[in-house]
Structures are given as structure tokens and as C-alpha cells.
Amino acid sequence: MKIGIFGTGVVGQTIAGALEGKGHEVMIGTRDPAATQARAAEANARGKTFPDWHREHPAVKLGTFADAARFGEVVVNATSGNGALPALEGAGADALGEKILLDISNPLDFSKGFPPTLTVCNTDSLAEQLQRAYPRVRLVKTLNTTTAALMVNPAAIGGGDHTMFVAGNDAEAKAKVNGWLGEWFGWRDVIDLGDVSNARGLEMLLPLWVRLYGAQGSPMFNFKIVR
Ligand SMILES: NC(=O)c1ccc[n+]([C@@H]2O[C@H](COP(=O)([O-])OP(=O)(O)OC[C@H]3O[C@@H](n4cnc5c(N)ncnc54)[C@H](OP(=O)(O)O)[C@@H]3O)[C@@H](O)[C@H]2O)c1
């Protein structure tokens, strides 16, 4: 499958690497591909610099957000919260069309330090803002509640026996994403919460998630719904 991924950070790199490893054709989208390829000396505490990572994954293509949206049969949004709407604007409604958009982004504001606050919550969510701005896109909120390494390898902890969520308005898109989460990454327990307004709860898990990270001293944990 051809997959477009918005985002050059640790999430974009991790998802792209895992999908490339499964034999998919992947293009990463960024604001300025030439500038992104020239980031050799830029410090990135949470992952490799993009050029270092890209040298290890030469088959992954790099383009603009519009290039990646046109390339992908399905598109993944792994931009920062404040970059999500600009990234979709960069891609444009025509390139996005009615494609399925896996939205992993969180509306975190680190401008006042740690812990971050949410730029939108309670009565709205980033996913809803994106869906309202691009009503034809079939947005599915998922993977935003766990760290990048576990998104693509849930078996790394607890034998993979923990929970992922999906939320979105399009039942067929969610069913496909549910299947891909299993096929691509090995997720076995995926809960469909309902329409896109359920992204509010998924994004509002982040204040808890960042505190758990602090308490545990590691991001290698996840939520498990015990019935
Ligand atoms: N890190 C994790 O383990 C984790 C776990 C769960 C969810 N998430 C969520 O996943 C998303 C990605 O996280 P990350 O740590 O990989 O990367 P990040 O540093 O949060 O985001 C990097 C990406 O955001 C884009 N971006 C930033 N500002 C932008 C703007 N004004 N306009 C357009 N694009 C902009 C950057 O574009 P350029 O390429 O052009 O610089 C880059 O591709 C975030 O929303 C985060 O909350 C992360």
C-alpha cells in the first residue's frame, strides 16, 4: 500500500520505518523538504535527526505535505498539535480528497514549560477541528495515547495485551484502521469509541499520560481496559 505520513519527528520516523519494513511504499511530508534534509546538526533529544534517520531508510520518500497527501492511498498525521491544521492546509483539500487520515496528533502546548496544557479540550478536540476543516477526509483518531515505540510494537510490553482506541465518523474507515492496526503493528485489543467527538477523551488522556511518564520514569507503558 502507498502511505503518506505528515511529520518528520520521532512518530513520523517510527511509523514510516515500521511500514517500510512491512513492504509498504512510504512518503513523509514536511514543510520544506530541502530544509528538512539539511537538519544534520540539529539536536533532537527524542529521536534521530531526520537526515541520520533517512540514511538508514533510503526507500522512504520525502516531499511536501501536498506530495505526501497525493502519494498516499491513506494518510497519517504525525505533526505537532499546532502543526496539524497548517499541515492539512499545506496538503490541500484536493490532495486529501476522501482519504482515510489516521490522526495521531495531540493538542499539547509546551510554551509555558512542563507539564504541557491542552490547546483544546472538554467541548472540542483537535481531531474535530481537523474534521470540520476537511469534511470529506475520513479521519480516524488513534495511536495518540501511547509512545511511538509501542505504537508500532505493542508486544514490547505485557505480551502486547493492552488497549488501543479508534474514534471517527466513518464506520468503514474505522474498520479498515482497526484491521491495519493489527496487520501492521500487532494490536489485538482495539476499542471503537464512536464518532469523532470521542477524540476529546483520547486527547484529554494526555495530561494523565505525561504525569504517568514522570512517575514511571519511562514512556514504555500503556492503558489496558480490563473487562
Ligand atoms: N512522541 C511520541 O511518542 C508521541 C506519542 C503519542 C502522540 N504523539 C503526538 O504525535 C505528534 C508528533 O510527535 P513527534 O514528537 O513525532 O513530533 P513533533 O515534534 O511534535 O512534530 C513534528 C512535526 O510537526 C510539524 N510541524 C510543527 N510545526 C508546524 C507548523 N507550524 N506547520 C506545519 N507543520 C508543523 C513539523 O514539520 P517539519 O517537518 O516541517 O518541521 C514536523 O513534521 C504530536 O502531535 C504528538 O503529541 C507523540
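In each ligand, atom 1 is the first atom listed, and ligand 1 is the first ligand listed. Predicted, not measured: the structure shown is a model, and the values here were computed from it.
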query = Would you say Val140 and Trp187 are hydrophobically clustered, going by side-chain heavy atoms of ILVMFWY under 4.5 Å?
reply =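 Yes, because Val140 and Trp187 connect within a single hydrophobic cluster, where side-chain heavy atoms sit under 4.5 Å apart.
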
Can you list the ligand 1 atoms lying under 4.0 Å from a non-hydrogen atom of [X]?
{"X": "Thr146", "answer": "5 (C), 6 (C)"}
{"X": "Gly9", "answer": "16 (O), 17 (O)"}
{"X": "Gly81", "answer": "45 (O)"}
{"X": "Arg39", "answer": "38 (P), 39 (O), 40 (O), 41 (O)"}
{"X": "Val10", "answer": "1 (N), 15 (O), 16 (O)"}
{"X": "Gly83", "answer": "28 (N), 29 (C), 30 (C), 32 (N), 33 (C), 34 (N), 35 (C)"}
{"X": "Thr147", "answer": "3 (O)"}
{"X": "Ser105", "answer": "45 (O)"}

message = I'd like to know if the side chain of Asp109 pairs up with that of Thr119 as donor and acceptor (distance under 3.5 Å, no hydrogens or angles considered).
response =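 Result is no, nothing qualifies.
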
For [X] versus [Y], what's the shortest heavy-atom pair and its separation?
{"X": "Ala69", "Y": "Leu96", "result": "CB-CD2, 4.1 Å"}
{"X": "Ala167", "Y": "Asp195", "result": "CB-O, 3.7 Å"}
{"X": "Met164", "Y": "Thr146", "result": "CE-CG2, 3.7 Å"}

key: Pair Phe223 + Trp209: ring centers closer than 6.0 Å   =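 Ring centres of Trp209 and Phe223 not closer than 6.0 Å.
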
Polar contacts were defined as any N/O atom of the residue lying under 3.5 Å from an N/O atom of the ligand; does this apply to [X] and ligand 1?
{"X": "Pro86", "value": "no"}
{"X": "Asn106", "value": "yes"}
{"X": "Thr145", "value": "no"}
{"X": "Thr30", "value": "yes"}

Ion pair check, Lys141 and Glu203, cut-off under 4.0 Å =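 Glu203 and Lys141: salt-bridged.
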
When you measure from the heavy atoms of [X] to every atom of ligand 1, does any distance fall below 4.0 Å?
{"X": "Gln13", "answer": "no"}
{"X": "Phe65", "answer": "yes"}
{"X": "Glu203", "answer": "no"}

query = Does the side chain of Thr36 come within less than 4.5 Å of His54's, by heavy atoms?
reply =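 No, too far: nothing below the 4.5 Å cut-off.
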
task = Start with the C-alpha gap between Glu183 and Lys22, add the side-chain angles, then the distance that decides, and say whether salt bridge (charged side-chain N to carboxylate O under 4.0 Å, His left out) holds.
result = CA-CA 9 Å; Glu183 188 186 315; Lys22 287 272 180 187; over 6 Å; no

task = Between Leu143, Ile5, Thr79, Ile28, flag the one that comes closest to atom 25 (C) of ligand 1 by a heavy atom.
result =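 Checking each option, the heavy atom nearest atom 25 (C) of ligand 1 is found in Thr79.
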
request  = Please work out which of Leu62, Thr8, Asn144, Val11 has its closest non-hydrogen atom nearest to atom 16 (O) of ligand 1.
outcome  =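 Checking each option, the heavy atom nearest atom 16 (O) of ligand 1 is found in Val11.
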
key: Trp180 and Trp184 aromatic ring geometry - parallel, tilted or perpendicular at 30°/60° bounds   =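 Ring orientation of Trp184 relative to Trp180: parallel.
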
ask   = Out of Val76, Val74, Val137, Leu139, which residue meets the side-chain contact (heavy atoms from CB on, under 4.5 Å) rule with Ile100?
value =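 It is Val74; the other options fail the test.
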
